[in-house]
Amino acid sequence: MSTMSTEQPVRVRFAPSPTGHLHVGSARTALFNWLIARKSGGAFILRIEDTDTARNVAGADRKIVEDLRWLGLHWDEGIEVGGPHAPYYQSQRMDLYEAAIARLLETGHAYYAFDTSDELDAMRAVAQERKCTFRYPRPERFPDEADVERARQQGLPVVVRFVMPERDITVNDEIMGDVTVAATELDDFIIRKADGMPTYHLANVVDDAHMGVTLVIRGQEFLAQTPRHIALQAALGYATPRYAHMALTMDMKGRKLSKRDGAVEVFAFRQEGYLPEALLNFIALLGWSPGGDRERFTLDEMIGLFSLDRMNRMNSKFDRDKLLAFNTDAIREASPERLLAAFDDWLSVNPDSPIAKANLDTATRRMLLAANTSVRTLADLESRAGFIFAADDAIAYDPAAVKKVLEKGDGAGYAMLETLVAVFEGLEPWSEEAIDETIRAFCETQAVGMGKVAQPIRVAVSGGTVSPGIGQTLALLGREKTLRRIRRILTERPVQS
RNA sequence: GGCCCCAUCGUCUAGAGGCCUAGGACACCGGCUUUUCACGCCGGCAACACGGGUUCGAAUCCCGUUGGGGUCACCA
């Protein structure tokens, strides 16, 4: 079978910058790396690329760790778990970069430069005017240490640039195919910034080599940069790893996924009540398909099915509706234990919700879940049943609901509530079953439809027309609160017609 | 703008020259179910960007056009 890949164990890495919570696009990159590591019996490494001191956000590494763990994408080597190539923060590996830069300087593969950003901008502007690609003008004579000293004294920025070889470079990409970039498109890029930190290109290449990374799976935005990395590897005597550049995930308009149209961080989806298995399944299908009609998989199934040659080359759009559908199914298919665990996790990341503040016992949480199997996200439980646990005077009445359910027909709904008060006062015991049974019997003797009875109650206790089953709702609410809310609406009569 | 990548329903995709009158899923529309909202079930609408080739035959191969994306940083 073709799915029984002969993939050799690969060493892959996920190397985010610590700027905040994990973005779903990054999660997708992490997932594919993780999948192939698991499938091949290789290793998945988590490295933090924090060489941009200005952009680093304190605590972001912790958030990334939390998000990755929530997804179930565990790493074999990296921050927090350690490994043979520790440390896994680039800011702690400066000696490695310094050694590499020194070697490049000594062998004539790199040189110092002192241009200010204004000068650089001016040169680019000129190139722009002449409509040609800007390429940094390599000096005929490379500055020596004395020049560096002089530049420093003059307060000029001192950077190190790599001598880009004058040859076309082909990337043998496992997704995009062979991509050749002409020598004329590449110039002497910076490998050490004025603040002494290595640039992404240098640190990334050095670390991948030292950590024994054999396969690099990353977003297509890096494809055009890869020739630089290949040249760097050649100059440093490193082997070039295999490359696989994935097409990107965009928003529904084909633009970059932005916070403006909804959650983009894994943590935000967690707070919105998505299950990691649903998110992962959905994300996996953005640019990958095992072929055929199947599209629902567990993580374990994905490991078995995954292969790079099934990756698409075209960008995909993040369709939130489809994700919601996946989540709906994941909730419906989850075992009671799994669902309870997921709900508890949701409560832990939504501590301010009424439902979390109610500190429900396990039996009640189970009951709530069992009776609301039609929710699409765990957060729906809050919007559906949150009012039960809110304070009585926090209930806001929906004017349209009041008008339609209570006032219509000369206040028939209010009249119904008046009658119901007496019924509820004598109802024993106050349980879901007894309440349902009593209401059912009441409807029969009064010869009215269920809707005529249940809807007024809903509006009275919730303010709107939506709630879980009426028996469960009132049982959870308790007799006292039920009656209090009914009496309150009878006195207030919130909307005048 | 230069360079690079891409192009099947609105969206994710199946499709590796005849199996395609193009399949599945989501969304949408209609119906059923129903104490509310949903869920669910059934049915329907809907695509090979365009133009040239190659071939007995093209969604599948080639070229061009158009469109989209990426990249040209002391960000990763």
Side-chain angles (χ1 to χ4, degrees), chain A residues 15-17 19 49-52 54-55 113 115-117 120-121 124 127-128 131-135 157-161 171 173 175-177 179-182 184-187 189-201 203-204 218-225 227 245 247-248 250 252 254-256 282 285-296 312-326 328-329 331-332 372-376 380 383-384 401 405 436 439-440 443 449-455 457-459 462 464-471 473:
Chain A
S17 301
T19 53
E49 308 217 327
D50 54 353
T51 53
D52 186 345
R55 292 209 326 179
D115 314 85
T116 64
S117 31
L120 253 11
D121 287 346
R124 288 199 184 92
Q128 178 95 5
K131 290 181 181 172
C132 52
T133 305
F134 170 74
R135 299 181 73 210
V158 176
V159 302
V160 176
R161 283 181 183 267
V171 183
D173 195 272
I175 293 173
M176 295 299 173
V179 178
T180 301
V181 177
T184 51
E185 295 301 317
L186 302 157
D187 71 348
F189 59 95
I190 292 173
I191 55 178
R192 186 170 72 192
K193 308 182 242 184
D195 67 359
M197 297 297 280
T199 56
Y200 160 76
H201 304 296
N204 189 269
R218 71 213 324 188
Q220 199 206 34
E221 70 264 32
F222 295 105
L223 180 56
Q225 320 273 15
H245 287 89
L248 274 16
M250 322 298 282
M252 290 304 279
R255 317 272 328 158
K256 233 176 174 179
F282 171 73
L285 261 16
L286 265 22
W288 174 77
S289 155
D293 289 343
R294 257 243 282 177
E295 61 173 13
R296 303 306 179 97
N312 273 116
R313 293 182 180 186
M314 52 215 196
N315 291 350
S316 51
K317 292 176 183 166
F318 195 90
D319 185 351
R320 293 166 192 281
D321 288 331
K322 184 148 181 164
L323 203 213
L324 221 211
F326 272 48
T328 306
D329 291 346
I331 285 180
R332 189 155 34 90
N372 292 286
T373 51
S374 68
V375 294
R376 312 198 70 183
D380 284 351
S383 51
R384 254 177 96 80
V405 177
D436 274 332
I439 292 180
R440 208 172 297 282
C443 288
M450 192 62 142
K452 289 272 181 273
V453 180
Q455 288 308 83
I457 300 174
R458 280 202 171 86
V459 176
S462 78
T465 55
V466 182
S467 88
I470 205 69
T473 303

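This one's a predicted model, so the numbers in the text were calculated from it and none came from an experiment.
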May I ask you to say what [X] touches in the nucleic acid, namely base, sugar-phosphate or nothing, with a heavy-atom cut-off under 4.0 Å?
X      : result
A/M250 : sugar-phosphate
A/R376 : sugar-phosphate
A/Q128 : nothing
A/T184 : nothing
A/A194 : base
A/D329 : sugar-phosphate
A/E295 : base
A/F222 : base
A/R255 : sugar-phosphate
A/G287 : sugar-phosphate
A/V159 : base
A/T180 : sugar-phosphate
A/S316 : sugar-phosphate

If I compare all heavy atoms of [X] with all of [Y], which pair ends up nearest, and what's the gap?
X      : Y      : answer
A/E295 : A/L285 : O-CD2, 3.3 Å
A/E49  : A/N204 : OE2-ND2, 3.2 Å
A/L223 : A/V171 : CD1-CG1, 4.3 Å

To the nearest Å, how far apart are [X] [atom1] and [N] [atom2]?
X      : N     : atom1 : atom2 : value
A/D187 : B/C3  : CG    : P     : 16 Å
A/L248 : B/A7  : CG    : P     : 15 Å
A/Y200 : B/C72 : OH    : P     : 11 Å
A/F326 : B/U13 : CZ    : P     : 11 Å
A/L285 : B/G24 : CG    : P     : 16 Å
A/Q220 : B/U71 : CD    : P     : 9 Å
A/M314 : B/A47 : CE    : P     : 17 Å
A/R296 : B/A25 : CZ    : P     : 10 Å

With respect to the side chain of [X], which nucleotide from [options] is positioned closest?
X      : options             : value
A/R124 : B/G24, B/C74, B/U35 : B/C74
A/Q455 : B/C6, B/U11, B/U36  : B/U36
A/L223 : B/U71, B/U36, B/C4  : B/C4
A/K322 : B/G70, B/A76, B/C26 : B/C26
A/D293 : B/G24, B/C75, B/C3  : B/G24
A/I190 : B/A76, B/C74, B/C12 : B/C74
A/D321 : B/G2, B/C75, B/C26  : B/C26
A/N312 : B/G24, B/G69, B/U13 : B/U13
A/T328 : B/G40, B/A25, B/G2  : B/G40
A/S289 : B/A14, B/C75, B/A38 : B/A14

Check: Counting distance only, does the side-chain N/O of A/R294 pair as donor-acceptor with the main-chain N or O of A/R296 below 3.5 Å?
Finding: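 The answer is yes, because a donor-acceptor pair under 3.5 Å joins these two groups.
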
Check: Is the backbone of A/L186 close enough, under 3.5 Å, to the side chain of A/R135 for a donor and an acceptor to pair up by distance?
Finding: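 It does hold such a pair.
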
On a whole-Å scale, what distance lies between the [atom1] atoms belonging to [N] and [M]?
N     : M     : atom1 : value
B/A22 : B/C48 : C1'   : 8 Å
B/C12 : B/U35 : C1'   : 37 Å
B/U55 : B/G18 : C1'   : 12 Å
B/A49 : B/U66 : C1'   : 8 Å
B/A14 : B/G67 : P     : 26 Å
B/A38 : B/C28 : P     : 11 Å

Quiz question: going by heavy-atom distance under 3.5 Å, is there a donor-acceptor pair between the base of [N] and the side chain of [X]?
X      : N     : result
A/S17  : B/A76 : no
A/R313 : B/C5  : no
A/R458 : B/U35 : yes

Checklist line | Upstream residue (5' side of RNA chain B) when A/D380 and A/A15 are each assigned their closest nucleotide | finding: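 Result: A/D380.
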
Margin query: Which is more 5' along RNA chain B, the nucleotide nearest A/M450 or the one nearest A/E185? Just name the residue.
Written below: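 Per heavy-atom nearest nucleotide, the more 5' residue is A/E185.
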
Notebook entry, point to check: Does A/E221 come within less than 4.0 Å of A/K256, counting only side-chain N to carboxylate O?
Noted result: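 Answer for the salt bridge query: no.
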
Next item on the list: Check step by step if side chain to side chain contact (heavy atoms under 4.5 Å, CB included) holds for A/H245 and A/F222.
Entry: CA-CA 7 Å; A/H245 287 89; A/F222 295 105; 3.9 Å; yes

Margin query: On the nucleotide B/C75, are OP1 or OP2 found under 4.0 Å from the side-chain N or O atoms that A/K193 carries?
Written below: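 Yes, because at least one side-chain N or O of A/K193 sits under 4.0 Å from OP1 or OP2 of B/C75.
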
Margin query: Looking only at the side chains, is there a donor atom on one of A/R55 and A/T19 sitting less than 3.5 Å from an acceptor on the other?
Written below: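 Side-chain D/A pair, A/R55 to A/T19: absent.
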
